[in-house]
J.: 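Starting off with a structure, shown below.
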Amino acid sequence: MVKEIGGFAVPKAGHDKGRLYVIVGYEEGKYLLVDGKLRTLERPRRKQKKHLEFIYAQDDLREMFSEGKRTVRNEDIKRAIKLHAARVHTE
């Protein structure tokens, strides 16, 4: 579970289907997801693994979460999602 923290996930079901999130934790059998806008670090979305599609791409956020030197802010989450979306659209 720890290796997914800092990576991206896209829900396969629910009203947020297809929306890109960053995984920030794992609690009580569910992943905690944030997007920095509607779902902030203070109010993460909880989803089961079977409802998620994992995207392993972002190394910067993983380093920030694992090092613990600097706190991750909602602005960092928004920037990472925006950069990932830009990379996907240019490929």
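No hydrogens, no waters, no symmetry mates; every other heavy atom, side chains included, goes into these values. FYI, the numbering just counts along the sequence from 1.
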J.: Kindly give the heavy-atom pair with the smallest separation between Pro44 and Val34, and that separation in Å.
T.: CB-CG1, 3.8 Å
J.: Applying side-chain contact (heavy atoms from CB on, under 4.5 Å), name anything that partners Pro11, two or more places apart in sequence or on another chain.
T.: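 Pro11: side-chain contact (heavy atoms from CB on, under 4.5 Å) contacts with Asp16, Tyr21, Lys47, Leu52.
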J.: In Å and rounded to the nearest 0.5 Å, what is the CZ to CZ distance from Arg39 to Arg46?
T.: 10.5 Å
J.: Nearest heavy-atom pair of Ile81 and Leu20: which atoms, and what distance?
T.: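 Heavy atoms of Ile81 and Leu20 come nearest at CD1-O, 3.7 Å.
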J.: Taking all atoms of both residues into account, what is the closest heavy-atom pair of Phe8 and Ala80, and its distance?
T.: CZ-O, 3.6 Å
J.: Just so I know, are the side chains of Leu33 and Ile23 near enough to count as touching, which here means a heavy-atom distance under 4.5 Å?
T.: yes
J.: If you round to the nearest 0.5 Å, how far is NE2 of His51 from NZ of Lys17?
T.: 11.5 Å
J.: Once you round to the nearest 0.5 Å, how far does CZ of Arg73 lie from OG1 of Thr40?
T.: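 Reported to 0.5 Å precision, the distance equals 14.0 Å.
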J.: Taking the side chain as every heavy atom from C-beta outward, state whether Lys30 and Gln48 have any pair of such atoms under 4.5 Å apart.
T.: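 Contact flag for Lys30/Gln48 side chains = yes.
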J.: With a 3.5 Å distance limit and no angle check, can you tell me whether Arg45 reaches the backbone of Tyr31 through a side-chain donor-acceptor pair?
T.: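 Not at all, since once roles are kept as given, no pair shorter than 3.5 Å links the two residues.
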J.: With side-chain contact (heavy atoms from CB on, under 4.5 Å) as the criterion, how do Ile55 and His84 come out once you've worked through the C-alpha distance, each side chain's angles and the decisive distance to 0.1 Å?
T.: CA-CA 10 Å; Ile55 302 171; His84 179 73; 3.9 Å; yes
J.: With a 4.5 Å limit on heavy-atom distance, are the side chains of Asp35 and Lys78 in contact?
T.: no
J.: Over all heavy atoms of both residues, which pair between Asp76 and Thr71 is shortest? Give the atoms and the distance, please.
T.: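 The answer is OD2-O, 4.0 Å.
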